[in-house]
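Below, read A as the first sequence line, B as the second, and so on, with proteins coming before strands; counting in each chain starts at 1. Just so you know, these numbers use all the heavy atoms, side chains as well, and skip hydrogens, waters and symmetry mates. Remember, it's a predicted structure, so these values are computed and weren't measured experimentally.
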Amino acid sequence: MPSFRAPRGTYDILPEEQPYWVFALHKAAETSARFGYGRIDTPMFEATDLFERGVGDATDIVQKEMYTFEDHGGDSLTLRPEGTANVCRAYVEHGLHNQPQPVRMYYTGAIFRYERPQAGRFRQHTQFGVEAIGDSSPQVDVEVIELGWSFIRSLNITGTQLRINSIGDPECRPAYLDALRDYYRNHIDEVCDDDRQRLERAPLRLLDCKKTRCQAIGNAAPRSTDFLCDACEEHWMSVITLLDGLKDTYPDLEYYADHRLVRGLDYYTRTVFEIEPENAAGQSTLLGGGRYDGLIELIGGQPTSGIGFGSGLDRLVAQVKEQHGYEPPGSGPDVVIVHLGEDAGRRASALAAGLRDDGLTVIVAPAGRSMRAQMRYSNSMNAQYALIIGDREIESGEGSLRPLQGDGEQLGVPLSVEAIADAVRGS
RNA sequence: GUGGGCGUAGUGUAGCGGUUAACACGUCAGGUUGUGGCCCUGAAGAUCGAGGGUUCGAUCCCCUCCGCUCACCCCA
């Protein structure tokens, strides 16, 4: 007999976990709003071609990680493996270039990639991302980075560092890639097998190989920032300067110009960055992004610049818990109604409806249980009050309201919504 | 796709080649006449991941598969 479980690489977020997510999502929305970013929602699946073109045919994401299917009409669709392509598609489709530029947007939602799960990596994960489209100035680069940093700080996560790099643009990158290939060809015997295989296909990737030997070679490799064309160079220097200007506000904003930082999606140009815990190991990137000045054109729009980031809420929530950045309030209902007998049961339901409508949180204790059991239940719900209704109370018209948190006295309260609500609120 | 670790009640653990597989927490029910938290008692709940093999006999030993997990690749 099949005993079902959540599919590999997916997870349930049970009620007791939800407060952390609500907290993180709330901070995402709040921070975005403070920077003037408006929410956008896009479909969870898109035409497969959008990702093949946008993300890049040669990337691992497109080659082996997409959930692609054909629908009943014969169209090839793909569960979104990232968020930027969707937003850019929406930008083009709805003519958002006619709005004041840049258009600032954020999103939160599920992302799907067929990968082997491990700590901090899932087949369905949740991202919070932002995109600023239609402004190529370095101010926007730094604005987006600041937004990301501010967001992480708002979650009370500390001990993170920013890594940043510029990988140039179509004008200057070819020369850099040539230099990089030349360099590695001369060291072909010293790098690992994996690196040898991807040298021609994705030379940038060799730079962030984690093997010690390869890292030593990567350290001495040509740097993209030494090959920038004038325009990219100017942009890069401005970004660095503007970043320094954030230090008054964020004294702990440590950033490292890391010439080996590259990203796995083809669309990035110029600025790329990541935020991760200081002693990072493994799947630790909390937030990563960069500029993508060619992407909009690639998917059928006018030449338009853009920049954004994605952050893994799953990883951030894990950090929040680890660092105790948020403690959920352990609040229970205002009132649990304990009732004995059928008449009392009816009164309990009716009163609960009235009290809820009045704004209180009310649970009716499970019917048919003994008084003691219902009181125990009230206690385990962590309720503020137990409202007891039995034959006596029906007859007298006064319910017994018993405080469960402190040592307060139990008192009689008329069985009316108003009287009960007043008594509950009045303390 | 590659490699390591692990699979015993809802959760966390114990156990031993041999009668009814244990403990804690949790759940439910009780602890006299309608009142919680502590305490006490009881109950339900596990074909010991699945299949095969060794053995008189396996939860325990061996193999295969499945699943979980960690790491690589890659990424959030």
Side-chain angles (χ1 to χ4, degrees), chain A residues 1-9 11 14 16 55 58-65 80-84 108-129 148 152 192-195 197-198 202 205-206 208-211 214 261-265 274-276 280-289 308-319 332 336 338-341 344 365-366 368-394 399-407 410:
Chain A
M1 279 293 91
S3 142
F4 294 112
R5 341 170 126 243
R8 162 171 277 203
Y11 53 85
L14 299 177
E16 59 189 19
V55 178
T59 61
D60 278 8
I61 289 179
V62 169
Q63 286 204 329
K64 56 183 194 186
E65 295 182 358
R80 62 179 175 211
E82 58 108 37
T84 301
T108 59
I111 300 288
F112 304 87
R113 290 180 202 161
Y114 186 83
E115 305 185 84
R116 283 286 286 274
Q118 68 187 72
R121 197 177 65 186
F122 309 94
R123 287 183 175 178
Q124 177 184 331
H125 74 276
T126 305
Q127 280 195 20
F128 157 55
I152 287 177
C192 63
D193 289 344
D194 285 343
D195 282 354
Q197 284 184 12
R198 56 191 164 190
R205 295 244 63 90
L206 304 223
D208 69 346
C209 184
K210 302 222 175 33
K211 295 192 179 65
C214 300
L261 174 63
V262 298
R263 314 230 70 236
L265 291 77
E274 282 186 3
I275 297 176
E276 59 181 15
Q283 316 311 125
S284 51
T285 302
L286 299 174
L287 182 151
F309 68 71
S311 67
L313 285 180
D314 333 71
R315 292 178 184 178
L316 288 165
V317 164
Q319 280 290 319
V336 169
V338 171
H339 55 100
L340 292 171
R369 294 192 190 176
S370 69
M371 172 123 200
R372 175 185 230 138
Q374 291 190 59
M375 287 303 292
R376 281 181 174 155
Y377 177 83
S378 307
N379 187 248
S380 66
M381 287 296 103
N382 199 23
Q384 298 296 316
Y385 290 92
L387 175 66
I388 299 161
I389 309 177
D391 293 340
R392 287 182 208 160
E393 285 78 7
I394 300 238
S400 305
L401 190 64
R402 182 180 179 102
L404 296 179
Q405 298 297 332
D407 301 319
Q410 177 169 319

Dump every N/O contact between nucleotides 35-42 of chain B and the protein below 3.5 Å, one line per pair.
| residue | atom | partner | partner atom | Å |
| --- | --- | --- | --- | --- |
| B:U35 | O2 | A:Arg402 | NH1 | 3.2 |
| B:U35 | O2 | A:Gln410 | OE1 | 3.2 |
| B:U35 | N3 | A:Gln410 | OE1 | 3.1 |
| B:U35 | N3 | A:Gln410 | NE2 | 3.0 |
| B:U35 | O4 | A:Gln410 | NE2 | 2.9 |
| B:G36 | N7 | A:Arg402 | NE | 3.3 |
| B:G36 | N7 | A:Arg402 | NH2 | 3.1 |
| B:G36 | N1 | A:Leu404 | O | 3.0 |
| B:G36 | N2 | A:Asn379 | ND2 | 2.7 |
| B:G36 | N2 | A:Leu404 | O | 2.4 |
| B:G36 | N3 | A:Asn379 | ND2 | 3.0 |
| B:G37 | OP1 | A:Arg376 | NE | 3.2 |
| B:G37 | O4' | A:Asn379 | OD1 | 3.1 |

Checklist outcome for this item: Taken to the nearest 0.5 Å, the spacing of A:Leu286 CG from A:Gln319 CD works out to 5.5 Å

Checklist outcome for this item: Taken to the nearest 0.5 Å, the spacing of A:Leu313 CG from A:Thr108 OG1 works out to 7.0 Å

Please state the [atom1] separation for the pair [N] and [M] - nearest whole angstrom.
N     : M     : atom1 : answer
B:A22 : B:C63 : P     : 30 Å
B:G37 : B:C25 : P     : 15 Å
B:A9  : B:A44 : C1'   : 10 Å
B:G15 : B:C6  : P     : 15 Å
B:U19 : B:C72 : C1'   : 50 Å
B:C60 : B:U55 : C1'   : 13 Å
B:U11 : B:G30 : C1'   : 25 Å
B:A58 : B:U8  : C1'   : 14 Å

For [X], which residues count as a salt bridge (Lys or Arg N to Asp or Glu O under 4.0 Å) partner, sequence neighbours excluded?
X        : value
A:Arg369 : none
A:Glu82  : none
A:Arg205 : A:Asp208

Length of the [atom1]-[atom2] vector between [X] and [N], whole Å:
X        : N     : atom1 : atom2 : answer
A:Ile152 : B:A76 : CD1   : C1'   : 11 Å
A:Gln124 : B:A76 : CD    : P     : 16 Å
A:Arg113 : B:G1  : CZ    : P     : 19 Å
A:Glu82  : B:A76 : CD    : C1'   : 11 Å
A:Ile61  : B:A76 : CD1   : C1'   : 10 Å
A:Leu340 : B:U33 : CG    : C1'   : 13 Å
A:Gln63  : B:G1  : CD    : P     : 16 Å
A:Arg369 : B:G30 : CZ    : C1'   : 14 Å

Checklist entry - Hey, is CG on A:Asn382 packed in by over 12 heavy atoms from elsewhere, all under 6.0 Å? => result yes

Would you tabulate the pairs of protein nitrogen or oxygen atoms and nucleotide nitrogen or oxygen atoms of nucleotides 2-5 of chain B closer than 3.5 angstrom?
| residue | atom | partner | partner atom | Å |
| --- | --- | --- | --- | --- |
| B:U2 | O4 | A:Arg116 | NH1 | 3.0 |
| B:U2 | O4 | A:Arg116 | NH2 | 3.2 |
| B:G3 | O6 | A:Arg116 | NH2 | 3.3 |

Checklist entry - Closest approach of A:Ile275 and A:Gly148, non-hydrogen atoms and distance? => result CD1-C, 4.2 Å

Item to check | Of A:Ser370 and A:Asp60, the one whose closest RNA chain B nucleotide lies more 5' | outcome: A:Ser370

Checklist outcome for this item: RNA chain B nearest-nucleotide lookup for A:Gly390 and A:Pro7: closer to the 5′ end is A:Gly390

Checklist outcome for this item: In RNA chain B, stems of three or more consecutive pairs, Watson-Crick or G-U, each with both distances under 3.5 Å, turn out to be B:1-7 with B:66-72, B:10-13 with B:22-25, B:27-31 with B:39-43, B:49-53 with B:61-65

Taking [Y]'s backbone N and O only, do any of them form a donor-acceptor pair with [X]'s side chain (distance below 3.5 Å, no angle check)?
X        : Y        : answer
A:Arg80  : A:Ala110 : yes
A:Thr59  : A:Leu265 : no
A:Arg113 : A:Glu65  : no

Checklist entry - Are A:Leu404 and A:Met375 close enough that some pair of their side-chain heavy atoms sits under 4.5 Å apart? => result yes

Looking for any heavy atom pair under 4.0 Å, which part of the strands does [X] touch: base, sugar-phosphate only, or nothing?
X        : result
A:Thr59  : nothing
A:Phe122 : base
A:Leu265 : sugar-phosphate
A:Leu286 : sugar-phosphate

Pairing residues for [X] by the side-chain hydrogen bond (donor to acceptor under 3.5 Å, both in side chains) criterion, not counting sequence neighbours:
X        : result
A:Gln374 : none
A:Gln410 : A:Arg402
A:Tyr11  : A:Asp314
A:Gln124 : none

Item to check | Under-4.0 Å side-chain N/O to phosphate OP1/OP2 contact, A:Gln127 with B:A76 | outcome: no

Checklist entry - side-chain contact (heavy atoms from CB on, under 4.5 Å) with A:Arg392: which residues, sequence neighbours excluded? => result none

All N/O pairs under 3.5 Å across the protein-nucleotides 65-67 of chain B interface:
none

